[in-house]
Number of protein chains: 2
Amino acid sequence: MAGRPRNEQARRDILRTAADLASVDGLDGLTLGRLSTTLGLSKSGLFGYFGSKEELQLATVRRATEVILDEVITPALRIPPGVERVRALCARWLDYSRTRVFPGGCFFFAVMAEFDARPGPLREALAEGSRAWTGLITSSIAEAVELGELAEDTDPAQLAFELIAFMENANSVSLLQDDADAYRRAERAIGNRLGGRRSVITD
Amino acid sequence: MAGRPRNEQARRDILRTAADLASVDGLDGLTLGRLSTTLGLSKSGLFGYFGSKEELQLATVRRATEVILDEVITPALRIPPGVERVRALCARWLDYSRTRVFPGGCFFFAVMAEFDARPGPLREALAEGSRAWTGLITSSIAEAVELGELAEDTDPAQLAFELIAFMENANSVSLLQDDADAYRRAERAIGNRLGGRRSVITD
DNA sequence: CCTACCGATCGGTAGG
DNA sequence: CCTACCGATCGGTAGG
């Protein structure tokens with residue numbers, strides 16, 4: 001709104017780089033000095049875009065949210081409501097993590113663990129993003145139940161908790177152990193929960 | 001081994017405080033200045049215990065491992081092998097997270113997300129701890145299968161992945177959303193996986 | 001957008 | 001274990 005329209009694209013590019021750095025080193029590890037060096041501009045020039053370190057951090061969170069919308073949510077929502085949409089949300093998210101759209105894996109996983117115990121605007125922004133994602137999975141599951149594609153005694157919030165747990169743990173294990181098998185484990189767990197298959201004899 | 005035996009307990013106390021601070025602010029956010037002020041001793045006096053920031057960080061990881069052994073693993077291993085031991089490991093871990101033995105929730109969750117994309121001795125130490133925990137859950141599940149207390153087609157590594165996912169996600173959601181329900185969701189998911197109950201009509 | 005700077009804090013050292 | 005420092009880097013400002 002109160003903007004520098006001419007610099008809007010430059011600002012977006014700066015924030016995309018900031019999100020890459022923060023996915024590895026965290027939003028505190030994201031310093032004005034390192035970011036300005038990476039971008040090849042002066043520290044005070046960079047600072048002028050944001051006015052404070054905290055505003056840079058908040059703007060980076062908003063930019064990373066856009067990336068997830070583009071990479072995961074918008075494509076998955078092209079699938080009509082039902083269990084296939086839930087599957088697509090999970091599959092897109094796992095691809096987003098696995099292909100390292102951010103070099104440190106999921107941006108939100110990295111920074112939520114950094115701020116989840118530190119009250120302030122960053123924690124609130126991250127909590128809001130997490131609620132929106134959980135809400136989207138929950139309501140997509142509820143639609144699939146209404147359509148008769150999932151068992152009618154399914155608790156959508158409970159199942160959403162479980163699916164998100166599988167996705168986040170795949171991200172975490174694959175990063176820490178350098179073990180891409182974690183994604184196959186998550187896919188198998190998700191397939192079992194959504195496909196009605198009871199046993200583990202899946203593939 | 002090559003020790004200052006007289007200072008051993010002081011060192012342990014220092015590291016217990018360091019683990020508390022790091023669970024909230026991370027192992028980078030753990031600075032010699034803040035830790036020395038918290039403890040009421042001089043920065044160089046504190047420094048002398050460790051010789052480098054990285055050694056302080058590594059020693060803090062080892063001290064936090066002891067806490068988990070005392071709070072979670074040793075008590076659970078008093079239960080004989082079988083599904084009740086698996087249940088006890090999960091229940092103890094959830095209590096350890098829920099009661100905020102560390103003020104920032106599970107110490108390892110906080111610092112694994114910090115270092116999982118940053119090669120070096122800290123990432124290796126955390127990866128080793130994570131492998132040991134995953135291995136303990138996996139072998140405890142395998143024992144329960146051998147005892148006929150879990151279905152014989154159970155894949156222990158797969159089930160361990162799923163149980164750990166539920167535990168970590170409960171820790172994460174409870175911290176970020178201030179929502180203790182997350183622990184009930186994890187308990188329900190774990191109960192369903194270990195108790196053979198299919199439906200969600202659990203409590 | 002830049003150069004040049006500010007006080008505070010960082011990890012670490014000298015010397016006792 | 002302490003006081004007193006070191007150079008580097010932090011977020012941020014002055015002035016252009």
Side-chain angles (χ1 to χ4, degrees), chain A residues 2-22 24-61 63 111 114-115 118-123 125, chain B residues 2-22 24-61 63 111 114-115 118-123 125:
Chain A
R4 322 171 174 74
R6 214 155 308 171
N7 296 352
E8 192 52 41
Q9 187 56 45
R11 194 181 137 105
R12 278 174 50 82
D13 293 346
I14 288 167
L15 290 170
R16 187 61 185 78
T17 300
D20 276 351
L21 295 182
V24 174
D25 293 306
L27 281 165
D28 277 341
L30 174 71
T31 68
L32 293 161
R34 282 183 60 235
L35 181 56
S36 67
T37 301
T38 302
L39 293 164
L41 52 87
S42 71
K43 205 173 70 167
S44 73
L46 171 67
F47 186 85
Y49 279 91
F50 306 104
S52 75
K53 169 86 181 264
E54 188 170 73
E55 181 47 41
L56 167 63
Q57 292 172 315
L58 288 164
T60 302
V61 171
R63 184 70 182 87
V111 302
E114 188 180 5
F115 283 95
R118 296 159 65 180
L122 274 158
R123 179 171 179 270
Chain B
R4 321 170 176 79
R6 214 154 312 171
N7 297 351
E8 192 52 43
Q9 187 57 44
R11 194 182 138 106
R12 278 175 50 81
D13 293 346
I14 288 167
L15 291 170
R16 187 61 186 77
T17 300
D20 276 352
L21 295 182
V24 174
D25 294 305
L27 281 165
D28 278 340
L30 175 71
T31 68
L32 293 161
R34 282 183 60 235
L35 181 56
S36 67
T37 301
T38 303
L39 293 163
L41 51 87
S42 73
K43 204 174 71 167
S44 74
L46 172 67
F47 186 84
Y49 278 91
F50 306 104
S52 74
K53 168 86 180 266
E54 188 171 73
E55 182 47 41
L56 166 63
Q57 293 173 313
L58 288 164
T60 301
V61 171
R63 184 70 183 84
V111 302
E114 188 180 6
F115 284 95
R118 296 158 65 181
L122 273 158
R123 178 171 179 270

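Quantities reported herein were computed from a predicted structural model and do not represent experimental measurements.
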Nearest non-hydrogen partners of B:L46 and B:L32, listed with the distance: CD2-O, 3.5 Å
Could you check whether any side-chain N or O of B:R16 sits under 3.5 Å from a backbone N or O of B:R63, counting only pairs where one atom can act as donor and the other as acceptor? no
Any idea which heavy atoms bring B:L58 and B:A125 closest together, and the distance? CD2-CB, 4.0 Å
May I have the distance from A:F50 (atom CZ) to C:dC1 (atom P), rounded to whole angstrom? 10 Å
Are side-chain heavy atoms of A:L39 and A:D13 found at a separation under 4.5 Å? no
How would you list, by chain and number, every residue that makes a side chain to side chain donor-acceptor pair (under 3.5 Å) with B:E55, sequence neighbours excluded? B:R62
Check the distance between D:dC10's P and B:R34's CZ and give it to me in whole angstrom. 18 Å
For atom CG of B:L21 and atom C1' of C:dC10, their distance in whole Å: 16 Å
Enumerate the side chain to side chain donor-acceptor pair (under 3.5 Å) contacts for residues 27-40 of chain A, please, sequence neighbours excluded, ordered by first and then second residue. A:D25-A:R34, A:D28-A:Q57, A:D28-A:R118
Nearest-Å distance for atom pair CG/C1', residues B:D25 and C:dC10: 15 Å
Under 4.0 Å protein heavy-atom contacts per nucleotide of nucleotides 11-16 of chain C, with B for base, S for backbone only and - for none: BBB---
Based on Watson-Crick and G-U pairs with both distances under 3.5 Å, what dot-bracket line describes DNA chain C 5' to 3', crossing pairs as [ ] and inter-strand pairs as |? ||||||||||||||||
Please list all pairs passing the salt bridge (Lys or Arg N to Asp or Glu O under 4.0 Å) test where one or both residues lie in residues 39-48 of chain A, with sequence neighbours left out. none
In whole angstrom, give the distance that lies between atom CG of B:L35 and atom P of D:dC1. 13 Å
Among residues at least two apart in sequence or on other chains, which ones pass side chain to side chain contact (heavy atoms under 4.5 Å, CB included) with B:R123? A:L176, A:D178
